[in-house]
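Throughout, a chain's letter reflects where its sequence line sits, starting with A, and its residues are numbered from 1.
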There are 2 protein chains.
Amino acid sequence: MTDQEILTILHCMDARVKKMDRNAYIFRAGESTEHMGLVLSGSVLVIQEDLWGHRNILAKVLPGDFFGESYAATPGSVLNVSVVANEDAEILMLNVNHLLTTCKNSCTHHNHLIRNLVSVLAGKVLQWDSKITHISKRSTREKILSYLSSESIRQGKLAFDIPYDRQQLADYLSVERSAMSAELSKLKKEGILDTQKNHFVLRGIPE
Amino acid sequence: MTDQEILTILHCMDARVKKMDRNAYIFRAGESTEHMGLVLSGSVLVIQEDLWGHRNILAKVLPGDFFGESYAATPGSVLNVSVVANEDAEILMLNVNHLLTTCKNSCTHHNHLIRNLVSVLAGKVLQWDSKITHISKRSTREKILSYLSSESIRQGKLAFDIPYDRQQLADYLSVERSAMSAELSKLKKEGILDTQKNHFVLRGIPE
DNA sequence: ACCCCTTTGTTGGAAAACAAACATACTTGT
DNA sequence: ACAAGTATGTTTGTTTTCCAACAAAGGGGT
């Protein structure tokens, strides 16, 4: 596309850049929205939290990736999650309704964009599938190994970084940080993996 | 749409009806597919299972609803789930690639169908969100109550049926059937709910 | 009505996670 | 270099789940 076309589309979708400070809320559970977010810089967390401090991290969204598309694309839906900036971040907010309802200008690119939206949504479902795979495991150890091995496969190496610190990983896997930490130590002692900070090396089970 | 138009579209998407016996597999984890399924009659379960008999039910799909769209819409993806007939069922298989790649006949309805696909996918993400909400809860009791109250809200009544039997509910919530059964008894004794078979009545917490 | 088979409820010991507290790095700012 | 704050690892009771086995209830077919 030419710059002009991109500008037209951005205007079509009512695009606006928002600068968010660390820990600022972009969406709050209970609200509804027509906009989806695209992370330009920094990162955001998609979370659920209750009044007792339990925080469930559904995903960390990095630059180039979207969030909130499903709520924006479902009229009448109410956000079941909140989105907070994990660090200072720039977010491009895009109105999905403007994309889905044929616009007056009848952008020839609308259809292409909608197909892209299909890819984004399908990818999100697959991502959710794999999160469900991990947290459905019954023990902390299995959840850890399920997550790490899928990350290892996804990144195509046995040594890789994960986007979470310990507390965040525990919140992502829905387990106690302390129990997880203990389990990681065990796995180290057994030689199944090695880790320092957010860097992991899987060794596989010795025969 | 006229019958003729519908027929054209069905042909476009390589539509075929499959009759499945109870317990027959429609998709197996590890396969890939260009087709999504539409349940015409009966019902199917979207599951993950391991070699030790643990079965995680991701969803029960009833007539009028789809399954497999996300894998079909993501070229190169591999099924992370299996789909089995929960009872004798008729399934309409639709080729999503034919829908996404502009067809030679250039069906004028393609765009409309793709928008519908967006809705279906967005709805699926929301459904997954709520499943994650339930199984992220730390105790069996909380998982049960999270699921039941969301079903109650969704159906708009305090008395409602759920689509699962006890074993299936346990598999959906990723807990032990026996522990769940015990917890349900407790909740009954405490007067928080009542249940017989798959019918539930929520009473709320007595003040 | 009877038997068989499936579903649901109950129990008890073993194992695991939870929660809170503390110890030990590791950062960050000054 | 220091101090304060944060992140990570460790430990200890307590609570809960898991698992296996059994009991009770319900359904279907003959």
Side-chain angles (χ1 to χ4, degrees), chain A residues 22-23 45 50-57 60 86-88 134-148 161-190 192-201, chain B residues 22-23 45 50-57 60 86-88 134-148 161-190 192-201:
Chain A
R22 177 171 148 78
N23 290 332
L45 294 177
D50 63 26
L51 298 170
W52 298 273
H54 273 139
R55 158 181 282 212
N56 177 26
I57 296 179
K60 180 171 182 176
N86 188 47
E87 56 194 307
D88 291 356
H134 308 324
I135 64 179
S136 299
K137 296 285 190 293
R138 301 310 178 79
S139 69
T140 297
R141 163 182 281 242
E142 279 182 303
K143 290 177 190 175
I144 295 170
L145 289 175
S146 174
Y147 170 71
L148 290 179
D161 292 344
I162 66 170
Y164 302 118
D165 63 31
R166 291 291 185 273
Q167 181 63 60
Q168 291 177 335
L169 180 57
D171 290 342
Y172 177 81
L173 295 176
S174 290
V175 297
E176 267 295 308
R177 181 196 61 80
S178 63
M180 187 187 75
S181 209
E183 204 60 51
L184 281 173
S185 301
K186 254 198 195 173
L187 289 166
K188 267 190 189 179
K189 278 193 197 107
E190 296 172 25
I192 292 172
L193 58 77
D194 214 339
T195 170
Q196 32 204 325
K197 302 203 51 176
N198 67 336
H199 185 75
F200 286 79
V201 182
Chain B
R22 177 171 149 79
N23 290 332
L45 296 176
D50 63 26
L51 298 170
W52 299 272
H54 274 139
R55 158 180 283 210
N56 177 25
I57 296 180
K60 180 173 181 175
N86 188 46
E87 55 193 307
D88 291 356
H134 308 323
I135 64 179
S136 299
K137 296 286 189 293
R138 301 311 178 80
S139 68
T140 297
R141 161 181 282 241
E142 281 182 301
K143 290 178 190 174
I144 294 170
L145 289 176
S146 174
Y147 170 71
L148 290 179
D161 292 345
I162 66 169
Y164 302 118
D165 63 30
R166 290 291 185 273
Q167 181 63 59
Q168 291 178 336
L169 179 57
D171 289 342
Y172 177 82
L173 295 176
S174 290
V175 297
E176 266 294 310
R177 182 197 60 80
S178 62
M180 187 188 75
S181 208
E183 205 60 50
L184 281 173
S185 301
K186 257 197 193 173
L187 289 166
K188 266 191 190 177
K189 279 194 195 105
E190 296 173 24
I192 292 172
L193 58 75
D194 214 340
T195 172
Q196 32 203 327
K197 303 203 50 176
N198 66 336
H199 185 75
F200 286 79
V201 182

How long is the straight-line distance from CG of A/Leu184 back to CG of A/Leu193, given to the nearest 0.5 Å?
6.5 Å
For the atom pair CD (B/Glu87) and CG (B/Asn23), what is the distance rounded to the nearest 0.5 Å?
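B/Glu87 atom CD to B/Asn23 atom CG measures 11.0 Å (nearest 0.5 Å).
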Can you list the residues that meet the side chain to side chain donor-acceptor pair (under 3.5 Å) rule with [X], with sequence neighbours excluded?
X        : answer
B/Asp161 : B/His199
B/His54  : none
A/Ser146 : A/His134

For atom [atom1] of [X] and atom [atom2] of [N], their distance in whole Å:
X        : N      : atom1 : atom2 : value
A/Met180 : C/dC18 : CE    : C1'   : 14 Å
B/Leu187 : D/dT16 : CG    : C1'   : 15 Å
A/Asp171 : C/dA17 : CG    : P     : 17 Å
B/Glu176 : D/dA20 : CD    : P     : 9 Å
A/Arg55  : C/dC18 : CZ    : P     : 18 Å

Non-hydrogen atoms of B/Ile135 and A/Ser136 that approach each other most closely:
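Looking at all heavy atoms of both residues, the closest pair is CD1-OG, 4.0 Å.
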Please give me the minimum heavy-atom distance between B/Asn56 and B/Ser174, naming the atom from each residue.
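Scanning both residues, the minimum pair turns out to be OD1-OG, 3.7 Å.
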Does C/dA19 have OP1 or OP2 under 4.0 Å away from a side-chain N or O of A/His54?
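Yes, A/His54 has a side-chain N/O under 4.0 Å of OP1/OP2 on C/dA19.
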Over the length of the helix from C/dA1-D/dT30 to C/dT30-D/dA1, how much do the five-pair end axes diverge, rounded to 10 degrees?
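Taking the rotation axis at each end, their angle is 50°.
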Summary of protein contacts for nucleotides 5-11 of chain C, nucleotide by nucleotide, where a base hit scores B, a sugar-phosphate-only hit scores S (4.0 Å, heavy atoms)
---BBB-
Check each residue of residues 135-148 of chain A for a non-hydrogen atom within less than 4.0 Å of any atom in DNA chain C, then write out the ones that pass by number, or none.
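Heavy-atom contacts with DNA chain C come from A/Ser139, A/Thr140.
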Which residues pass the side chain to side chain contact (heavy atoms under 4.5 Å, CB included) test with B/Glu142, not counting sequence neighbours?
B/Lys137, B/Arg138, B/Ser139
Distance-only check: which donor-acceptor pairs under 3.5 Å involve side-chain atoms of residues 162-169 of chain A, not counting sequence neighbours?
| from | atom 1 | to | atom 2 | distance (Å) |
| --- | --- | --- | --- | --- |
| A/Tyr164 | OH | A/Lys60 | N | 3.2 |
| A/Asp165 | OD1 | A/Gln167 | N | 3.2 |
| A/Asp165 | OD1 | A/Gln168 | N | 2.9 |
| A/Arg166 | NH1 | A/Lys197 | O | 2.8 |
| A/Arg166 | NH2 | A/Thr195 | OG1 | 3.1 |
| A/Arg166 | NH2 | A/Lys197 | O | 3.2 |
| A/Gln167 | NE2 | A/Asp171 | OD1 | 3.2 |
| A/Gln168 | OE1 | A/Asp165 | N | 3.4 |
| A/Gln168 | NE2 | A/Asn86 | OD1 | 3.1 |

Mind jotting down which residue pairs meet the salt bridge (Lys or Arg N to Asp or Glu O under 4.0 Å) criterion with at least one end in residues 178-188 of chain B? Sequence neighbours excluded, please.
B/Arg141-B/Glu183
List for me each residue that meets salt bridge (charged side-chain N to carboxylate O under 4.0 Å, His left out) alongside A/Asp194, sequence neighbours excluded, and say none if there are none.
A/Arg203
